[in-house]
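For reference, the structure is listed below as structure tokens.
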Protein chains: 2
Amino acid sequence: MVNAIKIPQFEVIKQYVRGHINSGRWAVGARISSENELAVSFSVSRMTARRALQELAQEGLLTRAPGLGSFVAEPVLAKPSLEIHNIVAIAQSKGTYSCQVLSLEQIPADAELADLLRFEIDQSVYLARFLHFDGSKAVQWQEIYVNPKVAPAFLKQNFTKVVPDEYLEWIAPSGHVHHQVGAVLARPSQRRALGLTEDSQTACLQITRVCSRGSIVASLSKLVHPASLYQLGTT
Amino acid sequence: MVNAIKIPQFEVIKQYVRGHINSGRWAVGARISSENELAVSFSVSRMTARRALQELAQEGLLTRAPGLGSFVAEPVLAKPSLEIHNIVAIAQSKGTYSCQVLSLEQIPADAELADLLRFEIDQSVYLARFLHFDGSKAVQWQEIYVNPKVAPAFLKQNFTKVVPDEYLEWIAPSGHVHHQVGAVLARPSQRRALGLTEDSQTACLQITRVCSRGSIVASLSKLVHPASLYQLGTT
DNA sequence: CAGTGGTCTAGACCACTGG
DNA sequence: CAGTGGTCTAGACCACTGG
């Protein structure tokens, strides 16, 4: 006996059921054997058969209903999703991160901004622009609007030592973060900052990030990345 | 007694443990009560206490190890992810979808394409270009390379009646789908097809999608969307 | 060694569904 | 009504970890 790894009984039953579903022997919507039937077939207790079906239900292969039975679930093609990897965090972990402060100011919110931040019009907002580097390469242009009530000392920070987003997360952990991804053309100032020369390079991925807690918006960032440097991927 | 909904015992224990973790009374990494201890404390059987801890472990709040115990897990901030919503499927469900075939051809794979498709160089590949409409508006430009071995009859389909991707999924269900999102500038032909006039509108979101099964690549699509029409979002 | 979590049993009671 | 899944019990044996 080489490598006699013990396979749990509930796993055997799961494989059996999975096999019948994947091969199509049990059609979508069809009722499958009950816990009791499986328990008898496999000579196990009901709790063991139950565990198999339960886990398959949690994996989305089965639907179960008291009084009715277990049914082959509609095959839900795993909805593809993209991880947003933070290019700044990556540079930091490599130790090659640096940040250039382009501007720090306090402005009154115009109508559009007030709407986005759930502010009153003309309420004062911090506006900062940063250029984030990985080594000598500018990888992200950031424009961030900050709620002064959440981070009153924001403009006084030394952003060559503290990453803006980390500072905000530190003093006011955000409950919800909303992301939106789109494509934009680099504006001339952005093009210069990011070192984009040819017209063909000016396509940028823009991530709009809103950090909020409850009904209070803490910050809104626009992150612009040269398309040549930044891609979102999945499998 | 109004609305005396029965709360299962394992749920009570889960709430108890969750409370101690969220409030910080049990620090990250700390060992928590064992199954046996909880069973005694709550006057339940070990299987019930076990279920509570097991489910919390699956939710990522606990780490468990035989012989050692259960520990408060590192709080993993839910990594933000983007759903890729299929603009074509949306138009279909609205009943306003239509498709225009721009080209259908068979070409030999050049070096780059052969690499992407895991093909031999000069092996024959189907290449098709489509323009997908939602009503009278062109919402997606698609360029798709198809493996003739997977879908030999691909070029003979009537794509005003069948969506290319659905046809492929139908005759050869793909095991893995890989997506990549980037920003591109619309090429002149794409700009014309998508009805983009001003230069400022030519920023496009491009999704590269590779469908494969095992080591065989079935198709590779480049989907180009005007940035004004297509955004990816999350919460 | 005593304690941990992982698997498993043979029972039990329950609310619920269909015929 | 008999059957279903949901909850629960009081036992059991196991491989594993630390002291």
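Note on naming: letters A, B, ... go to the chains in the order of the sequence lines (proteins, then strands), and numbering restarts at 1 for each one. A quick note: this is a predicted structure, and the numbers were derived from the prediction, not measured. Every heavy atom of this structure was used, including side-chain atoms; hydrogens, water molecules and symmetry mates were not.
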Does the gap between the ring centers of F10(A) and F42(A) come in under 6.0 Å? no

Between P on dA12(D) and CZ on R46(B), what's the gap in Å once rounded to a whole number? 13 Å

Selected nucleotide, minimal atom distance to R31(A) side chain, candidates dG5(D), dT4(D), dG5(C): dT4(D)

First of E35(B) and P66(A) reached from the 5' end of DNA chain C, by closest nucleotide: E35(B)

So what does E37(A) touch, heavy atoms closer than 4.0 Å: a base, only the sugar-phosphate, or nothing? sugar-phosphate

Between NZ of K6(B) and P of dC14(C) the distance, given in whole Å, is 8 Å

Please report the distance, rounded to the nearest Å, between NZ in K14(B) and P in dT7(D). 10 Å

Between P on dG6(C) and CD on E55(B), what's the gap in Å once rounded to a whole number? 13 Å

Check the phosphate of dT4(D) against N36(A), side-chain N and O only, distance under 4.0 Å to OP1 or OP2. Yes or no? yes

Taking CZ from R64(B) and P from dT4(C), how many angstroms apart are they, rounded to a whole number? 12 Å

Are the side chain of Q58(B) and the backbone of Q54(B) linked by a donor-acceptor contact shorter than 3.5 Å? no

Is there a side-chain contact between T48(A) and the phosphate of dT7(C), meaning an N or O under 4.0 Å from OP1 or OP2? no

L53(A) has an atom CG; how far is it from atom C1' of dG5(D), in whole Å? 10 Å

Pairing partner (Watson-Crick or G-U wobble, both distances under 3.5 angstrom) of dT7(C): dA12(D)

At less than 4.0 Å, is any side-chain N or O atom of S34(A) found next to OP1 or OP2 of dT4(D)? Yes or no. yes

Is it true that a side-chain atom of R213(B) and a backbone atom of P173(B) form a donor plus acceptor pair closer than 3.5 Å? yes

Nearest to the side chain of S45(B) - dT9(C), dC8(D), dG5(D)? dC8(D)

F10(A), nearest nucleotide to its side chain (from dT7(C), dG6(D), dT9(D)): dT7(C)

Between K6(A) and E11(A), does any side-chain N to carboxylate O distance fall below 4.0 Å? no

Short side-chain N/O contact to dC8(C) OP1/OP2 from R51(A), under 4.0 Å: no

For atom CZ of R50(A) and atom C1' of dC8(D), their distance in whole Å: 11 Å

Take atom CD1 of I13(A) and atom P of dT7(C), then tell me their distance rounded to the nearest Å. 13 Å

Atom OG in S33(A), atom CH2 in W26(A): separation rounded to 0.5 Å? 4.5 Å

